[in-house]
Amino acid sequence: MIPADDIAGHETADPTALLAWYDRHRRGLPWRALPGETADPYRVWLSEIMLQQTTVQTVKGYFERFLARFPTVEALAGAPVEAVMQAWAGLGYYSRARNLHACAQAVVERHGGRFPANETALLALPGIGAYTAGAVAAIAFDKPAVAVDGNVERVLSRLMALEEPLPRAKPAIRALALALMPKARPGDFAQALMDLGATICTPKKPACVLCPWSPPCRARREGTAETFPRKEAKKTGNLRMGAAFVAVRADDCILLRDRPPRGLLGGMAEVPGSDWSAAFDAGQALAAAPLNTRWRRLPGSVRHVFTHFPLELTVYRAELPARTPAPEGSRWRARAELKDEALPTVMRKVLAHAAIE
DNA sequence: CACCCGTGGAG
DNA sequence: TCTCCAAGGGT
């Protein structure tokens, strides 16, 4: 039995066609070298870490500010980790910031301030996994390596109409990427695949008519492009609830404390609060208040959705006299200086709810 | 492998 | 309002 594909006749996916498309339609990005220019490994690495599960649009602003503040890997390695966390605040996945700092120090100490060019050495650095190691090797050094991200998974699963769902299909997709990778310009090939996924082979309404790989694409031929990649159903987390206490001192200071270095929002700042649990009990919540004073329960609540669970915080506010000492493990911070704190978005929401920010 | 870890925007 | 998901990594 001859597959219908072969009867119809079709081209095989041609890296050259993709590269030709890339030469005409490549995106101009702050961390991307111009054609013919040599990429800066520090910029490539920094952008790749920031872009992990984060959109290009969001990263742009952070990237420019970060680069201005930490112009070199040495500058980043020599900075206090608190400064790095503060510069990262709002970007999410805060272990990335801690690993970023550790990686910069490792590059300075183990590699004399130069990023290694091979995937294996890159893989050994903090915060660099299979994707980022391949991306840096290919993009910064034009080494024969693939960078399989969500874009590439989508493009290649459609190209082959892969029925195997993610994440099980990852090894097959990686092997396919390696098989397609051209000997020349592997760095551009990696970026071309991602640009194609980001601008043409999009999750919804892919622009197949503009795609250089439209002829060999099995999913397009079958009219099912949008249904790929197949994915295992994911479960949503249960609602958690808790209390947050905004203490405002007469001299316009807010009480803050630091979260433990690891785990949820690790190393970030917060206003004191209760544990987060499935049920909310006002009496139990007030037992967690940082100061023994008259707390006002504010109307409404703050809702925030993390990757794996939604959160609802009841906010309490109290006014304290100046010179009220901070309880053990917490500190007063001037309202005007809150912008310099490593406050995650959920805590900015709490402060806004309490009419602080 | 399963689970943990943020956030903002699009549809 | 709700779902998806964006250049993933660590444990």
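Below, chains carry the letters A, B, ... as their sequence lines are ordered, and counting in each starts from 1.
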Which part of the nucleic acid, if any, lies within contact of [X], taking any heavy atom under 4.0 Å across all strands shown: a base, the sugar-phosphate backbone alone, or nothing?
{"X": "A:Gly90", "result": "sugar-phosphate"}
{"X": "A:Leu311", "result": "nothing"}
{"X": "A:Val56", "result": "base"}
{"X": "A:Thr54", "result": "base"}
{"X": "A:Lys231", "result": "sugar-phosphate"}
{"X": "A:Trp45", "result": "nothing"}
{"X": "A:Ser47", "result": "nothing"}
{"X": "A:Gly263", "result": "sugar-phosphate"}
{"X": "A:Ala130", "result": "sugar-phosphate"}
{"X": "A:Val305", "result": "base"}
{"X": "A:Pro167", "result": "nothing"}

For B:dT7 and A:Tyr94 - does any side-chain N or O of the residue sit under 4.0 Å from the phosphate oxygens OP1/OP2? yes
N or O in side chain of A:His304 less than 4.0 angstrom from B:dT7 OP1/OP2: yes
Which residue, A:Ala198 or A:Leu123, contacts DNA chain C at a nucleotide closer to its 5' end, judged by nearest heavy atom? A:Ala198
Report the residue (A:Ile139 or A:Gly127) whose heavy-atom-nearest nucleotide on DNA chain C is the more 5′ of the two. A:Ile139
Can you check nucleotides 9-11 of chain B for protein contacts, nitrogen or oxygen pairs under 3.5 Å, and list what you find?
none

Integer-rounded Å distance: [N] [atom2] and [X] [atom1]:
{"X": "A:Leu265", "N": "B:dC4", "atom1": "CG", "atom2": "P", "result": "15 Å"}
{"X": "A:Arg348", "N": "B:dG8", "atom1": "CZ", "atom2": "P", "result": "11 Å"}
{"X": "A:Arg262", "N": "B:dC5", "atom1": "CZ", "atom2": "C1'", "result": "13 Å"}
{"X": "A:Leu91", "N": "B:dG8", "atom1": "CG", "atom2": "C1'", "result": "11 Å"}
{"X": "A:Tyr93", "N": "B:dG8", "atom1": "OH", "atom2": "P", "result": "13 Å"}

For residues [X] and [Y], determine if any side-chain heavy atom of one lies less than 4.5 Å from a side-chain heavy atom of the other.
{"X": "A:Leu264", "Y": "A:Arg259", "answer": "yes"}
{"X": "A:Pro216", "Y": "A:Leu159", "answer": "yes"}
{"X": "A:Met181", "Y": "A:Pro15", "answer": "no"}
{"X": "A:Gln52", "Y": "A:Arg96", "answer": "yes"}
{"X": "A:Leu123", "Y": "A:Thr132", "answer": "no"}
{"X": "A:Glu357", "Y": "A:Leu338", "answer": "yes"}

Could you give me the stems involving DNA chain B, meaning stretches of three or more consecutive Watson-Crick or G-U wobble pairs whose two defining distances are both below 3.5 Å? B:2-5 with C:8-11, B:7-11 with C:2-6
Scan A:Arg348, A:Arg335, A:Arg257, A:Arg333 and name whichever one has a salt bridge (Lys or Arg N to Asp or Glu O under 4.0 Å) with A:Glu341. A:Arg333
If you group Ile, Leu, Val, Met, Phe, Trp and Tyr by side-chain heavy-atom gaps below 4.5 Å, do A:Leu351 and A:Leu311 land in one group? yes
First and last nucleotide of DNA chain C in contact with chain A, 5' to 3', at under 4.0 Å to a heavy atom: what are they? C:dC5 to C:dG10
Measure from the ring center of A:Phe66 to the ring center of A:Phe63 and say whether it is less than 6.0 Å. no
Against the six-membered ring of A:Phe228, is A:Arg158 placed for a cation-pi contact (under 6.0 Å from the centre, within 45° of the normal)? no
Looking at A:Arg331 and A:Leu256, would you say the former's side chain and the latter's main chain have a donor-acceptor pair under 3.5 Å? no
Search all heavy atoms of A:Ala87 against all heavy atoms of A:Phe70 and return the closest pair with its distance. CB-CE1, 4.0 Å
Roughly how far apart, to the nearest Å, are C:dT11 and B:dG6 at atom P? 14 Å
How far does the P atom of B:dC5 sit from the matching atom of C:dA7, given to the nearest Å? 23 Å
Parallel, tilted or perpendicular: ring planes of A:Trp45 versus A:Tyr42, cut at 30 and 60 degrees: tilted
Result for 5'-nearest mapping on DNA chain B, choosing between A:His308 and A:Arg168, is A:Arg168
